[in-house]
Amino acid sequence: MSNAEHLAKDRTPDSVRPPSRLRQLAAASIGNAVEWYDWYAYSFLAVYFAEQVFPKGAGNSLVPLLSTFAVFAVGFFMRPVGGLLMGAIADRHGRRTALTLTILLMGGGSLLVALTPTYTATGILAPLVLVLARLVQGLSVGGEFAASTTFLVESAGPGRRGLFSSFQYVSTTAGQLLASATAALLAALLTEQQMGQWGWRVAFLIGALLSLLGLWIRRGAQETLPQAVEQRAADRPGLFEALRRHPRQSLLICGITAGGTIAYYTWTTYLPTYAQVNAGFDKGEALTVGTLSLIFFALLQPLGGLLSDRVGRKPLLLGFSLGFAVLAVPLLHLVTDSFVSLLLVQCAGMVLLTGYTSVAAAVNAEVFPARVRAAGIGFPYSLTVALFGGTAPYVGTWFKQAGHAGLFPWYVAALCLVSFLVYLTLPETARQELEK
């Protein structure tokens, strides 16, 4: 090749060069992992900083924890806004632009959590700062799922959308693992008093720094918004176009997500706290169980994605939802203060859950055309997660406080049964071309 040809190749625009699939996968996955580290550090460390930010209620030691999980849920209710706004940006200006904005917002929110003052020092300002930080993080996470889901599936090669889809939860789980491992390490190195006073802040400072790393990695990503769509600047989709023109598909995303999100947040986020509150499980051991089960869960995801590319998405979704509808109650009733029992219950749930998590991104992306794909996924998905996933820790703790802890497993099972009925109506899309 001549020097002139080399120079011409170097000047080829990114939009013309075929993207490296491995590079695209890395850009989406690593950035997504950093996003979810920040998000999950909150839930893992809630038991340590609850009393720093919220005052105790008279005679009720669960009040600070309930308040902290209420703020966790508040963050989820910003996710639909993030899914709508960032999804619209991804559809109008490109997936990469949206992914850059989400990682910046998450880093800022994590830094704000780390700097949250105590209730003793500032009174009501402390919970207000924490709420603001969670609102920013909720906006970021809602937009992240919309943009990264679309980016991942559009980057996949023929017959590999399921495999690429599975990395949405591989990277999400990697972020959880990092958050869990960081929390467990801090808990092992510091005393309970040190963790409550300042140790929890270290994890959020690390999250802010990791967000800068994610931003740097995402700079190398190539745009996946189809060029024909991107060039129609005068005909870019409006903010609510997906909802207006595709109402059935929007409702379908809600039905697909309801059972998956309650099962996911119960098993990956709330179960350690559920074991502590309902069975007197040790805090440090609960974090260890969570870490081990998350490693197992991450390893399962690509296997589920590959299987869906071979046999289809629908069999996995039906197996997941029916399994949880039947087994959620007996599994949660098996949770005791035994390390082995909690580990087995959590891993059993992870196997069933993989039927949903490994294919969710592909199934959602296959519902909408490219023109409104990110916003079309982002808003109904995030709204459903906010209603049922984000509230899972709060609802579970509230049932316990009300003296009806046994009702929470039935709540999980009922939502999974609703999704099972929705999955029965879905067409199989694994072998269809992704709509442009």
Would you indicate whether the side-chain heavy atoms of [Y] and [X] approach each other to under 4.5 Å?
X	Y	result
F320	L316	no
L125	V129	yes
L300	S358	no
Y423	L322	no
I377	V367	no
Q24	E154	no
I262	Y411	yes
V385	R79	yes

Check: Going through the checks in order, is the side chain to side chain donor-acceptor pair (under 3.5 Å) test met by N32 and T172?
Finding: CA-CA 6 Å; N32 194 46; T172 298; 3.1 Å; yes
Next item on the list: Carefully, step by step, assess W267 and L331 under the rule side chain to side chain contact (heavy atoms under 4.5 Å, CB included).
Entry: CA-CA 11 Å; W267 249 258; L331 282 174; 4.0 Å; yes
Check: Please, which pairs that meet ring pair (Phe, Tyr, Trp, His ring centres under 6.0 Å) have at least one residue in residues 134-170, sequence neighbours excluded?
Finding: F145-Y381, Y169-Y264
Next item on the list: Mark yes or no for whether T122, through its side chain, and T118, through its backbone, hold a donor-acceptor pair below 3.5 Å.
Entry: yes
Side-chain donor-acceptor pair under 3.5 Å between [X] and [Y], yes or no?
X	Y	result
T173	Q301	no
D38	S211	yes
R373	T150	no

Item checked: For E366, the option from E428, R313, Q432 that meets side-chain contact (heavy atoms from CB on, under 4.5 Å) -> R313
Next item on the list: Have a look at Q137 and tell me which of V113, L105, L112 forms a side-chain contact (heavy atoms from CB on, under 4.5 Å) with it.
Entry: V113
Check: Less than 4.0 Å between a side-chain N and a carboxylate O, is that true for E144 and R218?
Finding: yes
Item checked: Distance flag, aromatic centroids of Y270 and F408, threshold under 6.0 Å -> yes
Checklist line | Reported CG-to-CH2 distance for the pair L177 and W36, which is rounded to 0.5 angstrom | finding: 14.0 Å
